[in-house]
S.K.: 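Provided herewith is a single structure, encoded as structure tokens, for subsequent inquiry.
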Amino acid sequence: MEIRGSKQLYNKLLFIYTVILVCVVSALMIYFFSSTKNRFLEQRLNYTEMMNESAASYLEESSDIAEYIHEDLYKSDMELKDALRYMTEEPADYQKHRLDVYIENKINEYKGIEEFFLDAFQAYGSLDHIVLYSYERDEKTEYTRDGKSYRRQGNEKLKDQLKKMDLVRNDSFFYLKEIRDPATMQVKGCMLLGFKSSRFESIWQYYSQAELVVYNDAGSAVFESSEEYGIPRLMEGDGKETLKAALEGIYTEQAQSGQYHVVSYLKKNRAAAIPVPVIFMIIGVGMAVIAVGEIFVRYYLQRLSGRLNRILDGMTKVMEGNLDVRLPADKNGDELDVISRYFNEMCVNLDEHIKKRYLAEIEQQNAEMSALQSQINPHFLYNTLEAIRMKAICNGDREVGKMLYSLAVTFRAQIKEADVITLAQELHYSKKYMELFEFRYQNQFQAVVECPEEYLVVPVIKFVLQPIIENYFIHGMRMREKDNRIKISVEKDGFYRIIVEDNGKGMTEEEIANQNRKLKCGIMEKQSSIGVANVNRRLKAVYGDEHGVFMEAAEGGGLRVILTFKPDESQEERQEGANG
């Protein structure tokens, strides 16, 4: 007989395991993508925050330097007076005053505003240039780090910038410090202390992840790494609504130092972007894991398929009548080894049982029962093994293990149990037998077993239900329907009644009457099923001719098979004592 099904089992398990492997690896890849995305997002947000803090720190530092220079000017009386005279007197008068002070006081060095500013440039490297502006004379003098100064007349642009406090040039930003006459407290002019804007570009290039914008209260940009959003211009008037809409798509960090504002921002779609090399690395590792996992899965399934083939080959030989088959059962210590051990034990016990039953004397009642019972075992064995074989062909998965387990339990019970068992044991073996058909006809029938608890200890000869159930699955079940039902219940009315009721094909009234006639007379026809007739003869042999099997039509279609028996008191007492 050709063995089929193991390849189907192999392909099905390979597909399932491959799908599981791909799903697990895909889930891990998604997790790593998400984790990496969050890590890059956190890193870039940290860079954005640090860039904002560095820019704000530079503004604070510049503001402090401007304040230090202003305070130092007021601490030096000579330099302050020189600055006041410079802003209020004519250039000739100012120079004459400087010369007079130098001659009268016979000092080695005149400390004037120029020397003061020169010292400031030397002390503070970030100070770029200084503008001294006279309100009374409307004149401005610009001092540079190389010691040069340029005195010019004021203009409307400068006045407008001072009025708006818009103190920004292309390469510098300024802090305004007013100069008052200490005697009158009148404002005579101001100092404009300019600092390099290039420092912001260095900060932006160092962090490089986000964009940086520095602007003043008037909306003029000190530094702007990108003009995409035009943040300084959007801060005025109706532009604030546009800015609000723009900011919804970016992460921002903001800070303020006096009149200057710092905004560092990063687009949300760029903030969480994963670099292409990292993407390829994650995908490559995932594909490698799938490939290695597939190799191990194929190796494992090939070994499993080989072991299943050996079990199927052994079953085929048993079905052909060879009970000398033995399967290796001590290599792996798993469920298949357990099945193999049960299979080997079953073959040994079944062979011994058949030999003993067929060689026993049949004159006495016990010998007759043994001979009748031995007719069931091969019949039951072949039908059950055929069910398992067909299930393995149609749906080769681990359900086969469950089927084989149920079969082993049933065989062991048939071989090892005493001829008289409890009703609970008989119902249990019947359930195990029906489980085999549940695997074969999945979702096609429903089995129900009902028995009052006090009847479970009632003694009964074994395997009186299995032939009845088998007869239903072979002759009564509606194969194309899904609502098949079989119900086993136990009643007592002077004697015990086991009722097996189904909603199957049923029989005509004439056929039922003919079957009941044969059962009453104990007729067994070789050309028809001997299971029901066998059970009937066994019940009559043990419990008397008034007991046995009776059939009737079930309500709504189907068939009711009623088994009647009445154990004697000595049997019940022995069984109760054994259970106690």
Side-chain angles (χ1 to χ4, degrees), residues 58-59 61-76 78-98 109-181 186-201 214-218 220-223 258-260:
Y58 178 54
L59 287 174
E61 177 186 339
S62 301
S63 177
D64 292 340
I65 291 173
E67 189 65 31
Y68 294 154
I69 294 174
H70 190 231
E71 291 177 358
D72 287 344
L73 179 61
Y74 278 90
K75 292 178 180 179
S76 176
M78 180 182 291
E79 293 167 345
L80 177 59
K81 288 179 179 180
D82 184 76
L84 291 172
R85 285 183 177 274
Y86 183 86
M87 290 187 293
T88 58
E89 294 179 354
E90 290 292 335
D93 294 337
Y94 169 72
Q95 292 296 337
K96 181 178 179 300
H97 170 74
R98 285 183 58 131
E109 184 181 2
Y110 181 83
K111 289 290 187 178
I113 193 63
E114 291 184 357
E115 289 75 10
F116 176 79
F117 288 154
L118 203 58
D119 291 341
F121 281 126
Q122 293 177 354
Y124 304 107
S126 58
L127 185 63
D128 190 35
H129 51 273
I130 302 173
V131 177
L132 187 64
Y133 180 71
S134 172
Y135 292 155
E136 292 183 7
R137 298 179 56 78
D138 189 22
E139 286 182 345
K140 67 173 184 177
T141 304
E142 185 170 347
Y143 300 86
T144 60
R145 295 189 63 85
D146 56 6
K148 297 180 181 180
S149 61
Y150 306 90
R151 188 165 187 168
R152 298 182 180 89
Q153 192 66 28
N155 53 52
E156 293 300 325
K157 181 180 179 181
L158 177 59
K159 291 179 181 179
D160 187 59
Q161 286 180 324
L162 293 176
K163 182 179 180 180
K164 294 180 179 180
M165 294 297 290
D166 188 6
L167 308 176
V168 175
R169 288 201 319 199
N170 292 335
D171 57 349
S172 302
F173 62 98
F174 295 84
Y175 288 94
L176 186 147
K177 299 296 181 181
E178 292 183 332
I179 300 176
R180 297 174 181 267
D181 187 346
Q186 291 181 350
V187 179
K188 299 299 182 180
C190 65
M191 287 188 301
L192 297 177
L193 304 170
F195 295 85
K196 298 176 183 178
S197 300
S198 58
R199 176 76 173 273
F200 294 115
E201 184 173 3
V214 182
Y215 62 95
N216 61 12
D217 288 338
S220 297
V222 176
F223 174 79
Q259 61 185 330
Y260 293 101

S.K.: With sequence neighbours excluded, what pairs up with E142 under the side chain to side chain donor-acceptor pair (under 3.5 Å) test?
M.R.: R169
S.K.: Under the rule for salt bridge (charged side-chain N to carboxylate O under 4.0 Å, His left out), what residues qualify as partners of R199, not counting sequence neighbours?
M.R.: none
S.K.: Using only atom types and a distance under 3.5 Å, with no angle test, would you say the side chain of Q122 pairs donor to acceptor with the backbone of D119?
M.R.: no
S.K.: Hydrogens and angles aside, do S62 and Y260 bring a side-chain donor and acceptor to less than 3.5 Å of each other?
M.R.: no
S.K.: Does OH belonging to Y150 count more than 12 external heavy atoms closer than 6.0 Å?
M.R.: yes
S.K.: For I179, is there any backbone N or O sitting under 3.5 Å from a side-chain donor or acceptor partner on H70?
M.R.: no
S.K.: How are the rings of Y58 and F200 set relative to one another: parallel (under 30°), tilted (30 to 60°) or perpendicular (over 60°)?
M.R.: perpendicular
S.K.: Might you work through the side chain to side chain contact (heavy atoms under 4.5 Å, CB included) test for I65 and F195, ending with a clear yes or no?
M.R.: CA-CA 10 Å; I65 291 173; F195 295 85; 3.8 Å; yes
S.K.: Main chain of I113, side chain of D82: is a donor-acceptor contact present, judged purely on distance under 3.5 Å?
M.R.: yes
S.K.: For F121, does its backbone N or O pair with a side-chain atom of R145 as donor and acceptor, under 3.5 Å?
M.R.: yes
S.K.: Roughly how far, to the nearest 0.5 Å, is the OH atom of Y143 from the CG atom of L127?
M.R.: 13.5 Å
S.K.: Under the 3.5 angstrom rule, does the side chain of Q153 hit a backbone N or O of D138 as a donor-acceptor pair?
M.R.: yes
